[in-house]
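Keep in mind it's a predicted model, so treat the numbers as computed, not measured. Proteins come first, then strands; the chains are lettered A, B, ... in the order of their sequence lines, and each starts at number 1.
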Amino acid sequence: MSETRTRFAPSPTGFMHVGNLRTALYAWLLARSENGKFILRIEDTDQARYVENAVDVIYATLKKAGLDHDEGPDKDGGVGPYIQSERKNLYRQYAEQLVVSGDAYYCFCDKCESDDSEESVHDAADVCPCCTMDPAAAAEKVAAGEPHVIRQRIDRSGTSTFTDAVFGEITIENKVLDDQILLKRDNMPTYNFANVVDDHLMNITHVVRGSEYLSSTPKYNLLYRAFGWDIPTYVHLPLIMGRDADGNVSKLSKRHGSVSFENLVSEGYLPEAIVNYIALLGWSPKSDREIFTLNELAEAFRISGLNKSPAVFDYAKLRWMNSEYIKAMPFAEFAAAAKPFAGISGTFLEAQWEKIAALLHSRVEVLSDCAGMIGFLQAVPEFDLTLFVHKKSKSDIENTRTDLPLIREKLANITEWNAENISGALSAFAAEHEVKAGRPMWQARIAVSGCAVTPGGPGEIMEILGKDESLKRIDAAIARW
RNA sequence: GUCUCCAUCGUCUAGAGGCCUAGGACACCGGGUUCUCAUCCCGGCAACAUGGGUUCGAAUCCCAUUGGAGAUGCCA
């Protein structure tokens, strides 16, 4: 029984799509759940899409997500290099081996000849004319330096069947297969070819990838067979979808919202919450449990829990899960994580951050909510006097006009300015005037905040604002009558 | 167009012939607690796409239809 080896093979495009991250996660979980190895391989065969520092983004993302790899460009396991562009010569060598065996051929056609309709592609007549070229003549052209690609020669008769660990047995007719390009004009391999070669050379036992590769899998198998290699276990994953404006769904992409790990994190989603959420998109622990640490996921992970149908990415549920993680954070940790999102650095509020954070902790779902919730602390927004009207606490514009100066008086007499005493003063006012405590509470809170909804009540808010500022705000409100 | 795959509440899902008057979670709607809001607690709404089979019995098996998605790149 050989050791389970899975790999994550991202392209360095500069950002990590959550669908991609989920693929990495499942590959990692599979390896960890079976005490195997998780390998990182960089697929940079498309030179046109090369992005500076993109590999760093990959490292950073995996690290933040907690997906540690056992082998990779920075961790040699003996089957490297782990960056495809550094393996360039290897692919040529293997491709030429297939040319010799007759399983591939040189093609000298111009790039992109059939740009017309989509229908001719699988026509039997659509085979490349180069496939019948005399091998010796073709080799001569290659030797002469003529631009060319190497194509896989596919026998279009019969059917191909393979088994996927998630989708089961799949059979297709070979006539729908095309002579795909293995080696590009620039001497780089295509994804389709490099994958087969590398997965074999790196002893990958389980190929975990999105189901968009399901229909090209037979072509990979033909390649494995031509080389005489064992076919790995395929684990195709259901796609992650986004909701389109027209109500339909399609592969999750930028138009659906933030889809990269970095964006989500910068918006205030916690890496742990993102990982937890995407783990449940297409996989189920078969129980009612939803909150898992990474290690708990690895423990619970089974291929049999993988789903076949596409899953729609639901930002609302991610939000909820993020809020669960935030609430579960130790307070000090939350305060530290939320501070950059509060927008108070350099203001008088910075010194009050601990108190502010305490109010925010149970109310923030995504860290970026912070700034909006406490904006009123910096400056009272323009507000209409009708805000003083509140049925439940029996507050209205008229009684506020008479109450506010008296409330101010009461507050001004407080010697030790803290939430408890402020609330106490307001309650005392209510008792003296035989009204519900809610009335002065509402009146005072609106006067100092200008907001119908605030995190925390008048006592907490005024404590943070300080006595001077609080009284100043009440004076400003009084002046409006 | 062709090929492949998929199909349980709006969303993520449990369910692998009787345990299902279909369970959980998010969202939504009520109620309670609370100095507004949030937290917390309680409750509610809401689904087996359709039609045929198979079977004593089907959400679960088979077929068809419909719907959706993916593939069909010298992208990955």
Side-chain angles (χ1 to χ4, degrees), chain A residues 9-11 13 20 43-46 48-49 107 109 111-112 117-123 147-151 164 167-168 170-173 175-178 180-186 188-192 194-195 209-218 236 238-239 241 243 248-251 277 280-291 304 307-321 323 327 359-365 373 390 392-393 422-423 426-427 430 436-442 444-446 449 451-461:
Chain A
S11 288
T13 55
N20 236 258
E43 310 227 327
D44 59 345
T45 56
D46 185 356
R49 291 217 297 185
C107 166
C109 297
K111 206 171 173 176
C112 229
S117 70
E118 316 92 30
E119 55 200 88
S120 64
V121 180
H122 294 126
D123 224 341
H148 61 279
V149 300
I150 295 180
R151 282 182 188 275
D164 179 85
F167 289 85
I170 293 173
T171 300
I172 59 115
E173 295 195 64
K175 68 181 181 200
V176 304
L177 267 21
D178 60 333
Q180 66 175 343
I181 288 172
L182 269 21
L183 207 70
K184 300 185 270 193
R185 191 170 297 247
D186 63 3
M188 278 292 205
T190 55
Y191 161 87
N192 304 301
N195 249 266
R209 52 150 84 118
S211 64
E212 66 264 39
Y213 296 107
L214 220 37
S215 44
S216 38
T217 300
H236 284 97
L239 262 18
M241 316 299 281
R243 175 76 57 193
N248 278 65
V249 296
S250 54
K251 270 168 85 170
Y277 175 69
L280 264 19
L281 264 190
W283 172 80
S284 165
K286 312 272 184 187
S287 73
D288 289 343
R289 185 167 173 199
E290 298 204 277
I291 304 294
S304 60
N307 240 300
K308 296 179 189 179
S309 38
V312 177
F313 193 95
D314 184 359
Y315 288 91
K317 184 140 188 180
L318 204 213
R319 250 185 113 74
W320 164 77
M321 190 165 280
S323 76
K327 280 177 282 187
L359 297 182
L360 256 18
H361 201 172
S362 71
R363 283 167 250 253
V364 165
E365 289 190 311
M373 281 184 182
H390 186 63
K392 203 177 152 206
S393 46
I422 296 165
S423 290
L426 293 172
S427 296
K436 286 176 72 174
R439 190 165 112 182
M441 295 278 182
W442 180 272
R445 195 178 58 82
I446 297 300
S449 73
C451 293
V453 173
T454 57
E460 293 151 320
I461 291 171

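Note on A/Ser309: every side-chain N or O is 4.0 Å or more away from OP1 and OP2 of B/rC5. Using a 4.0 Å cut-off, some side-chain N or O of A/Asn248 falls inside it from OP1 or OP2 of B/rA69. Close to B/rU36, at under 4.0 Å from its OP1 or OP2, lies a side-chain N or O of A/Lys392. For A/Lys175, no side-chain nitrogen or oxygen approaches OP1 or OP2 of B/rU72 to under 4.0 Å. Residue A/Asn307 places no side-chain N or O under 4.0 Å from the OP1 or OP2 atom of B/rA7. At B/rC40, one or more side-chain N or O atoms of A/Lys327 fall inside 4.0 Å of OP1 or OP2 (strictly under the cut-off).
Nearest nucleotide to the A/Arg243 side chain, out of B/rU11, B/rG70, B/rA38: B/rU11. Of the candidates B/rU13, B/rA69, B/rG24, the closest approach to any side-chain atom of A/Lys317 belongs to B/rG24. Proximity note for A/Lys286 (side chain, C-beta onward) versus B/rA14, B/rC12, B/rC5: the nearest is B/rA14. Closest to the A/Ser215 side chain, of the nucleotides B/rA71, B/rU13, B/rC5, is B/rA71. Relative to the side chain of A/Leu214, the nucleotides B/rA76, B/rC5, B/rC12 differ in distance, and B/rC5 lies closest.
With A/Tyr277 contributing its side chain and A/Asp314 its backbone, the two residues share a donor-acceptor pair below 3.5 Å.
Pairing partner, B/rC75: none, since no Watson-Crick or wobble contact has both distances short of 3.5 Å. B/rC35 makes up no base pair with any nucleotide shown, lacking Watson-Crick or G-U wobble contacts both under 3.5 Å.
Nearest-nucleotide positions on RNA chain B place A/Ser287 closer to the 5' end than the other of A/Ser287 and A/Leu318. The residue among A/Ile181 and A/Leu239 whose nearest nucleotide of RNA chain B lies closer to the 5′ end is A/Leu239.
For the residue pair A/Arg185 and A/His148, no side-chain donor N or O sits within less than 3.5 Å of a side-chain acceptor on the partner. No hydrogens or angles considered: a donor-acceptor pair under 3.5 Å links the side chains of A/Arg445 and A/Thr454.
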